[in-house]
Amino acid sequence: MTVEPIDPASPAPSDFIRDIVAQHVAEKRYPKIITRFPPEPNGYLHIGHAKAICIDFGIARENNGQCNLRMDDTNPAKEEVEYVDAIVTDVKWLIAGWADHCLGFKPKGATPAAQTVNGRPDYHLAAASPGSGLADAEPFFASHYFDALYAFAVKLIEQGRAYVCDLSAKDTDDYRGAPDRPGRNSPFRDRSVAENLDLFARMKAGEFPDGARSLRAKIDMAAPNMWLRDPLLYRIRHTAHHQTGDAWCIYPLYDYAHCLSDYIEGVTHSLCSLEFTDHRPLYDWILESLALPRPLPHQYEFSKLRPTYTLVSKRKLIHLVTEGVSAGWLSGWDDPRMPTISGIRRRGVPASAVRRFAIGAGVTKFISTTEIAVFEHAIREELNTLAQRRLAVLKPVKLVLTNLAAGEIIACTATNNPQDETPTTRTVHLTREIFIESDDFAEVPPPKYFRLKPGGEVRLKYACIIRCDEVVKDAAGAVTELRCTADLTTRAGEPNSDRKVKGTIHWVSATECVDAEVRLYDRLFAVPEPDADGDFLKHINPHSLEVVTAKLEPSLKGATTEQYFQFERLGYFVLDPKDAQPARLVFNRTISLKDTWAKAPGGK
RNA sequence: UGCCUGAUGGUGUAAUGGUAGCACAGGCGACUUUGACUCGCCUAGUCAUGGUUCGAAUCCAUGUCGGGCAGCCA
């Protein structure tokens, strides 16, 4: 196994779960640490899942272990293959270069093997050798364990620990009681083993309609923990499954399938979010009841990641996408404003930044809200080192350098990334007519404005200092052209290159630039907690997208979707992977640069 | 009125009986051919009340406040 260099985003984190794992490693409790990431394929992964992925895979990679990607697909009514594919893509993207070697996939088509361990029957499914080419491998699927799960259920029935119940859904609810009031035993609770076995087999054979019967664990209807009041193990659903087709009409419920899926895969540490804490006694009950021959997995819970200015609820995201797409203000699940992994990726956020954020959020049991500024900071930090600098003007104003001849071209050397140890350069051409940012000129400058103003001087980045001699306006009084003089002796390498002026602005040649559609994205919601009043649609940020036609330096014609760019003084940008074409440049703004001036009294 | 779970600056997170630290955010300044980056300084915290102890964010008790649980969802 190759040892990954310590990721800057995870400088040996320590938390209560890692402490437990470290102790288990120290006492050699398991031959190998195996975790799992178990999404249900009923929606797209979002930033909240990123934290779970980073914990599950992070703990695996720190312990030379493995993390299985498993579809928790026990409810065919809600799940689709489209989601399976999207989840696999997102997980692979997020862990690429960081924990690929820990990704647990199984051989394609493999199902748990029946085996005997210490004279006891068992089912086990090992991963395809992790990391070594996953060509003939696929994620794990809970649905691929249906035979094993059924066999285990039969065993529970034989032990008298499960029974077939004929109560309707409503009656089941009534019998369950309430948190502060004990439930009552189902009238079907004391059926004989033989009758239960027969009925369960007939449930499987499809003899009964949906909801007519269920298989229940026989635990304690008076238990203070609601999940121990004879929870359902199987329900009848005459519904085709995206993996198993029409093979089954009974489907296991989460609590029954999850713990056994963990066990079948040899998972050692089953990490989940806080709301499953109440389920843990049931998780343990099922596993312990079966007298299984191999070490049992254990569940540990942590608090979810909940960032401000967005939503991390699958149900609400579905609502958001449905509404937004039909109303036309959102392009879909991967809209660059969405908190989905696919949206974040399309926006141009590097996976390393997502990891840095998710890992930095920490692992605790405290229900917390993380300011989105922390994410934005992580994005800027990663992109600062990754992005190639380029010149681009978003809202152009024409500027004429009156002392340059019409066809004159002055080659200027521009640095690609000053953060590199040995920065490379490229050439940009200064010409008589250029564009500058309209924000970089003010006819009546506010206090402390050190950009261009009438009679004032400013440096053109990588070029020279210019002085504004004349402001040309149209009939309406709008500035149409600035006429300036260039002081060519202030260019790099020229005698006056050290001359200081307060402001430096970006520019592009008007005769050599290329046009591009640039999508300026901002936060999707206008308030920190969009769902605080239960009506998040009301709080959509009306300025979350502004589309401009920008002027770019010509080198950007060769941009690829894999490249991160910083348009100097503006922000970080990537080619939109969906809409950009060779003949049509479309850039997404990932995030703006920090803008101290914008916060100043005179700025904006 | 049951069970589970939690509480450290504005936010997140460390300190595992021994100096309450770090990051983000905010403020001030330095530097700057990006008002970026970087650097320096500042603001600001142990839910409450008792107890144990030489010493408590940490252990104990009580209280307060928050979150979760009554899907044939996961």
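Heavy-atom basis, side chains included; hydrogens, waters and symmetry copies ignored.
Distances were taken from every side-chain heavy atom of A:T596 (C-beta onward) to each of B:rA25, B:rC69, B:rG35; the shortest belongs to B:rG35. Distance from the side chain of A:R569 is smallest to B:rG35 among B:rG35, B:rC4, B:rC24. For A:L253, the side-chain atoms get nearest to B:rC72 when compared with the rest of B:rA70, B:rU13, B:rC72. Nearest to the side chain of A:D595, among B:rG35, B:rC73, B:rG10, sits B:rG35. Residue A:F366 has its side chain nearest to B:rA7 when only B:rA25, B:rG35, B:rA7 are considered. The A:I367 side chain lies nearest to B:rG66 when the options are B:rC24, B:rG66, B:rA36. Of all nucleotides listed (B:rU13, B:rU5, B:rA74), B:rU5 comes nearest to the side chain of A:T277.
Where stacking is scored as ring centres under 5.5 Å apart with planes under 30°, A:Y254 does not register as stacked on the base of B:rA74.
Between A:K502 and A:A361, the residue anchored nearer the 5' end of RNA chain B, judged by the nucleotide with its closest heavy atom, is A:A361.
Using a 4.0 Å cut-off, no side-chain N or O of A:R315 falls inside it from OP1 or OP2 of B:rA74.
Between A:W597 and A:F450, the angle of the ring planes lies from 30° to 60°, which puts this pair in the tilted group.
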Donor-acceptor pairs are to be reported for all side-chain atoms of residues 225-233 of chain A against protein atoms at under 3.5 Å, with residues two or more places apart or in another chain.
{"from": "A:N225", "atom 1": "OD1", "to": "A:W227", "atom 2": "N", "distance (Å)": "2.8"}
{"from": "A:N225", "atom 1": "ND2", "to": "A:D278", "atom 2": "O", "distance (Å)": "2.9"}
{"from": "A:W227", "atom 1": "NE1", "to": "A:H279", "atom 2": "NE2", "distance (Å)": "3.3"}
{"from": "A:R229", "atom 1": "NE", "to": "A:R176", "atom 2": "O", "distance (Å)": "3.0"}
{"from": "A:R229", "atom 1": "NE", "to": "A:M221", "atom 2": "O", "distance (Å)": "3.4"}
{"from": "A:R229", "atom 1": "NH1", "to": "A:A223", "atom 2": "O", "distance (Å)": "2.5"}
{"from": "A:R229", "atom 1": "NH2", "to": "A:R176", "atom 2": "O", "distance (Å)": "3.1"}
{"from": "A:R229", "atom 1": "NH2", "to": "A:A178", "atom 2": "O", "distance (Å)": "2.6"}
{"from": "A:R229", "atom 1": "NH2", "to": "A:R181", "atom 2": "O", "distance (Å)": "2.6"}
{"from": "A:D230", "atom 1": "OD1", "to": "A:R189", "atom 2": "NH2", "distance (Å)": "3.1"}
{"from": "A:D230", "atom 1": "OD1", "to": "A:I219", "atom 2": "N", "distance (Å)": "2.7"}
{"from": "A:D230", "atom 1": "OD1", "to": "A:D220", "atom 2": "N", "distance (Å)": "3.4"}
{"from": "A:D230", "atom 1": "OD2", "to": "A:Y163", "atom 2": "OH", "distance (Å)": "2.7"}
{"from": "A:D230", "atom 1": "OD2", "to": "A:R189", "atom 2": "NE", "distance (Å)": "2.7"}
{"from": "A:D230", "atom 1": "OD2", "to": "A:R189", "atom 2": "NH2", "distance (Å)": "3.4"}

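Among the heavy atoms of the strands, none lies under 4.0 Å from A:K304. A:Q566 comes within 4.0 angstrom of a nucleotide base, judged by non-hydrogen atoms across all strands.
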Test log, rule side chain to side chain contact (heavy atoms under 4.5 Å, CB included), inputs A:D166 and A:R191: CA-CA 11 Å; A:D166 301 358; A:R191 289 219 251 232; 2.4 Å; yes
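Among A:D440, A:T504, A:D439, the single residue meeting the side-chain hydrogen bond (donor to acceptor under 3.5 Å, both in side chains) criterion with A:R569 is A:D440.
More than 90° away from 0 lies the glycosidic angle of B:rG40, which makes this nucleotide anti.
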